[in-house]
Amino acid sequence: MSLIEALHWRYATKRMNGGKIPRDTLDTILDAAHLAPSSYGLQPYSVLVIEDRALRERIRRTACDQPQVSECSHLLIFAAWAELNGRHVDELIALTATARGLDPRELEGYRQSLHAAVAGFATPAGRRDWAARQAYIALGTALTAAAAQRVDATPMEGFDPAELDALLGLERQGLRSVVLLALGYRDTTQDRLAGMAKVRWPRERVVVEWKGA
């Protein structure tokens, strides 16, 4: 199945059958999320993998009682870092130097530009919003990888972030939940959307070959 065929196949599954995703398939999806691009390569987020059914049942109560949360195989929580500062920049520079066999001094200009970028947000809330947008890039990459693996995936913003953060103790870990992704297999007997035609605006309305104003 080609990538485009896989994207036509996928939809935001409303009911799942509880089937377990093979570990190697799950790892492919998680590897894709890990390899997702992010601004400056800072990856200011974590992806939490929740398999425990009892915990997912509790999370479901924070997520508008959406059944996919408990019916899925694994629930991913994309959580942005609550704080981002110069220490994270210096850690990335050190990692980059090691990975590429460079003297860190060769990256000094880049280090300074990253420090300026991180310090340049007008407010902490602005920095957190930026971190959340980076997490969404990883979400999109995971969705695409799941489709390629014929795994159903449902992104969900319908949850109470403060309640979920309190349930999991995320604040103590310096994290704030941003978006959920349920991974599993569709229940075609209960999901009214299963088999329905995919609905999108016409391509020319979404994709504009820009020729100027």
Inset, instruction - Flag yes if L183 and Y185 sit in one hydrophobic cluster, no otherwise; membership is Ile, Leu, Val, Met, Phe, Trp, Tyr, and two members link when side-chain heavy atoms are under 4.5 Å apart. - result: yes

Legend entry - F159 CZ to E157 CD distance, which is reported to the nearest 0.5 Å: 8.0 Å

Inset, instruction - Verify the distance criterion only: is there a donor paired with an acceptor across the side chains of T62 and D160 at less than 3.5 Å? - result: no

Legend entry - Considering all heavy atoms, the nearest P155-L181 contact: N-CD1, 3.6 Å

Legend entry - Between CG on residue D52 and CD on residue E57, distance to nearest 0.5 Å: 10.0 Å

Legend entry - Over all atoms of both residues, closest heavy-atom pair of C72 and H74: SG-O, 3.4 Å

Legend entry - Residue pair L42 / Q134, side-chain heavy-atom distance below 4.5 Å: no

Inset, instruction - Please determine if E108 and R111 form a salt bridge, counting it only when a charged side-chain N lies under 4.0 Å from a carboxylate O. - result: yes

Inset, instruction - Check the pair L92, T96 against side chain to side chain contact (heavy atoms under 4.5 Å, CB included), reporting the backbone distance first and the verdict last. - result: CA-CA 6 Å; L92 178 63; T96 302; 4.0 Å; yes

Inset, instruction - Specify the closest pair of heavy atoms between R10 and A147, including all atoms of both residues, with the distance to one decimal. - result: CB-CB, 4.0 Å

Legend entry - Exercise: identify the closest heavy-atom pair between A32 and T141: O-CG2, 3.3 Å

Legend entry - Student check: side-chain heavy atoms of V178 and L139 closer than 4.5 Å: no

Inset, instruction - Using the side chain to side chain contact (heavy atoms under 4.5 Å, CB included) rule, take D90 and H115 through it: C-alpha gap first, then chi angles, then the decisive distance, then the call. - result: CA-CA 9 Å; D90 291 341; H115 271 282; 2.8 Å; yes

Legend entry - Result of checking D152, T13, N17 against R186 for side-chain hydrogen bond (donor to acceptor under 3.5 Å, both in side chains): D152

Legend entry - Straight-line distance of H34 NE2 to I29 CD1, nearest 0.5 Å: 16.0 Å

Inset, instruction - Would you indicate whether Q173, at its atom CD, is surrounded by more than 12 heavy atoms from other residues, nucleotides or ligands within a distance under 6.0 Å? - result: yes

Inset, instruction - For residues A142 and F78, report the shortest heavy-atom separation together with the two atoms involved. - result: CB-CZ, 4.2 Å

Legend entry - Any side-chain heavy-atom pair of L164 and I59 under 4.5 Å: yes

Inset, instruction - Quick one: pull up CD in E71 and CD in Q190 and give me the separation to the nearest 0.5 Å. - result: 6.0 Å

Legend entry - Residue pair L30 / L76, side-chain heavy-atom distance below 4.5 Å: yes

Inset, instruction - May I ask whether Y136 and L143 are part of the same hydrophobic cluster, defined by side-chain heavy atoms of I, L, V, M, F, W, Y residues being less than 4.5 angstrom apart, directly or through others? - result: yes

Legend entry - Check against side chain to side chain contact (heavy atoms under 4.5 Å, CB included), D165 and S177: CA-CA 6 Å; D165 292 355; S177 56; 2.6 Å; yes

Inset, instruction - Flag yes if more than 12 heavy atoms outside R58 fall under 6.0 Å of its CZ atom; otherwise flag no. - result: no

Legend entry - In one Ile/Leu/Val/Met/Phe/Trp/Tyr side-chain cluster, 4.5 Å: I137, V118: no

Legend entry - Flag side-chain contact, heavy atom, 4.5 Å: T154 against M16: yes

Legend entry - Pairwise side-chain contact, Y110 with Y40, heavy-atom cut-off 4.5 Å (strictly under): yes

Legend entry - Basic-acidic side-chain contact under 4.0 Å: E163, R61: no

Inset, instruction - Indicate yes or no: at least one non-hydrogen side-chain atom of Q68 is less than 4.5 angstrom from one of K14. - result: yes

Inset, instruction - Ignoring hydrogens and angles, tell me if any N or O in the side chain of Q149 forms a donor-acceptor pair with the backbone of L26 under 3.5 Å. - result: no

Inset, instruction - May I ask you to decide whether R133 forms a salt bridge with D129, counting only side-chain N to carboxylate O separations under 4.0 Å? - result: no

Inset, instruction - Taking the side chain as every heavy atom from C-beta outward, state whether M156 and L75 have any pair of such atoms under 4.5 Å apart. - result: yes

Legend entry - Atom pair CG/CD of L168 and E171 - distance to nearest 0.5 Å: 12.5 Å

Inset, instruction - Please check if the side chain of Q66 supplies one atom and the backbone of A63 the other of a donor-acceptor pair under 3.5 Å. - result: yes

Legend entry - Nearest non-hydrogen partners of R56 and S70, listed with the distance: NH1-O, 2.8 Å

Legend entry - Cluster link L175 to L55, ILVMFWY, side chain under 4.5 Å: yes

Inset, instruction - Please step through side chain to side chain contact (heavy atoms under 4.5 Å, CB included) for the pair L48 and L170, ending with a clear verdict. - result: CA-CA 10 Å; L48 313 180; L170 296 189; 3.6 Å; yes

Inset, instruction - Look at the side-chain heavy atoms of Ile, Leu, Val, Met, Phe, Trp and Tyr, link any pair under 4.5 Å apart, and say whether M196 and Y11 land in one connected group. - result: yes

